[in-house]
2 protein chains.
Amino acid sequence: MTIKEICAKYGITADTLRYYERVGVIPAVRRTKGGIRSYSAEDEKWVENAVCMRNAGVPIEMLIEYVKLFQEGDETLEARRNLLMEARVTVQENLDKYQATMDRLNYKISRYDVALKTGVLSWDDCEDDLKKDK
Amino acid sequence: MTIKEICAKYGITADTLRYYERVGVIPAVRRTKGGIRSYSAEDEKWVENAVCMRNAGVPIEMLIEYVKLFQEGDETLEARRNLLMEARVTVQENLDKYQATMDRLNYKISRYDVALKTGVLSWDDCEDDLKKDK
DNA sequence: ATACTACTTGGAGTCAGCTCCAAGTCAAGT
DNA sequence: ACTTGACTTGGAGCTGACTCCAAGTAGTAT
C-alpha cells in the first residue's frame, strides 16, 4: 500500500501520516529501494488505530508512549494495559461531556422549534437555562 | 458573583473567562464603579452554556456567532436554531467517534487482561486489530 | 536523454484556544 | 498617606497538532 492509498482509506493527509511516523505515533514503515513508503498490513493496523484514537482526542503523546512500550517487548505488557486504561478514563469523561452537551442542544433546539412554530417566545430573559431544578 | 467565584464554580481560569468575554463567546459582563466584573444570573447562564459547549468541542466561532445573533434580537430566531442544529450534527459525529474508540479500548484492554492473567500472549504479530471480519 | 510526476526530507509556518505578562487602578487595612 | 492584594487592560507568548514548503531523488513516458 502506498501512502496515497492509506490516506484515502483513512481520510487523512500524507503530511499527517508522515508526521505520525516521524514523531512515533506509528512505527517506522518499510520503504522500497527508492525510499518510498510501502505500508504492510501491520502498518495499516497501526494507522487505523492511531486515527481512531486521535478521533477521540487521545493525545499524540499517549500514542507515542504506547508504540514505544510495544517496541520494548513483553516486559511492558502491564505498562501498556495501564496506559490504555488511562486513555479509557479520558475518553469516557469526554463521552459523558459530549452527551451532556447533546442533551442541552436538544433541549434548546426544541424550545426554538416551539418558538418558531407558534411565533411566540416562551422565554423573556436569557434562554440559556436547562430548567435543571437543582 | 465575582470572576473568582465563577471560575471556581465552572472549573475554568479567570484568563479564560476574560478571553471569552473579549472575543464574544459570552456577552459583556456588567462592572462595579471600580471596573470590576460582577456576574449576574444571566451572565452565569452564558458561562455555563459556553463551558458545556466547549467541553463538547463546539468551536469558539460558533459560540460567538450565536451570541451575536442573540443580541440582534428576534429576527434571528431561525438563524440561531440552524446554528444549534449545525452544532448538534458536529457533536453527534464526535459522540459516535468517541464511542467507537471506547469499544476499541475495551477490546484491547480485555486482551491485555487475558495476556496478563494467563501469562500467555494471545497474539503474535500486531495486536492492534479489532477482529472485525469486514 | 529529457521531461514529468510522485515521492522523499528537515524544517518552518499556521491555527485554535488559551495562558501569561507588565503596567496600571481601586478598595480596604494600618 | 501608604502598603497590600485583587482586580483591570491590551498584547505577546505558548501548546498541540498538524500543514506547508523548498530542494532533492526515483521511476515512468516520450
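Letters go in sequence order (proteins before strands), and every chain restarts at 1.
OP1 or OP2 of D:dT8 sits under 4.0 Å from a side-chain N or O of B:Arg37. Close to D:dT19, at under 4.0 Å from its OP1 or OP2, lies a side-chain N or O of A:Thr16. For the OP1/OP2 pair of D:dT9 and a distance below 4.0 Å, the side-chain nitrogens and oxygens of B:Arg31 include at least one atom meeting the criterion. Look at A:Arg54 and you'll find a side-chain N or O under 4.0 angstrom from OP1 or OP2 of D:dC18.
Aromatic pair B:Trp46/B:Tyr39: centroids not less than 6.0 angstrom apart.
Listed by first and then second residue, the side chain to side chain donor-acceptor pair (under 3.5 Å) pairs involving residues 17-26 of chain B are B:Glu21-B:Arg31, B:Glu21-B:Arg37 (not counting sequence neighbours).
In this structure, B:Ile64 places its CD1 atom 11 Å from P of C:dC18, rounding to the nearest Å. For the pair B:Arg30 CZ and D:dC7 C1', the computed distance is 19 Å after rounding to whole Å. Atom P of nucleotide D:dG10 and atom CZ of B:Arg18 are separated by 12 Å, given to the nearest angstrom. Taking atom CD of residue B:Glu61 and atom P of nucleotide C:dG17, one finds them 8 Å apart after rounding to whole Å. Protein atom CD of B:Glu21 is 11 Å distant from nucleotide atom P of D:dG10, rounded to whole Å. In this structure, B:Tyr19 atom OH and D:dC14 atom P are separated by 17 Å, rounded to whole Å. Taking atom CG of residue B:Leu17 and atom P of nucleotide C:dT19, one finds them 12 Å apart after rounding to whole Å. A:Met53 places its CE atom 15 Å from the P atom of D:dA17, with the value rounded to the nearest Å.
Taking the nucleotide of DNA chain C with the nearest heavy atom to each of B:Gly35 and B:Pro59, the more 5' of the two is matched to B:Pro59. Nearest-nucleotide mapping onto DNA chain C: of B:Ile36 and A:Ser38, the residue sitting toward the 5' end is A:Ser38. The 5' end of DNA chain D is approached more closely, in terms of each residue's nearest nucleotide, by B:Lys4 than by the other of B:Lys4 and A:Gly34.
In the set C:dG17, C:dC7, D:dC18, C:dG17 carries the atom at the smallest distance from any side-chain atom of B:Ile60. Of the listed nucleotides (D:dT8, C:dG17, C:dT8), C:dT8 has the atom at the smallest distance from the side chain of A:Ile3.
Side-chain atoms of B:Asn55 do not come within 3.5 Å of backbone N or O of B:Cys52 as any donor-acceptor pair. Judged by distance alone, the side chain of A:Glu5 and the main-chain N or O of A:Thr2 form a donor-acceptor pair under 3.5 Å.
The side-chain hydrogen bond (donor to acceptor under 3.5 Å, both in side chains) search around A:Asp113 returns B:Arg81, not counting sequence neighbours.
For C:dC18, the base has no donor-acceptor partner in the side chain of B:Asp15 [N/O atoms by modelled type, under 3.5 angstrom]. A donor-acceptor contact under 3.5 Å is formed by the side chain of B:Arg22 with the base of D:dG11.
B:Lys33 comes within 4.0 angstrom of nothing in the nucleic acid, heavy atoms only.
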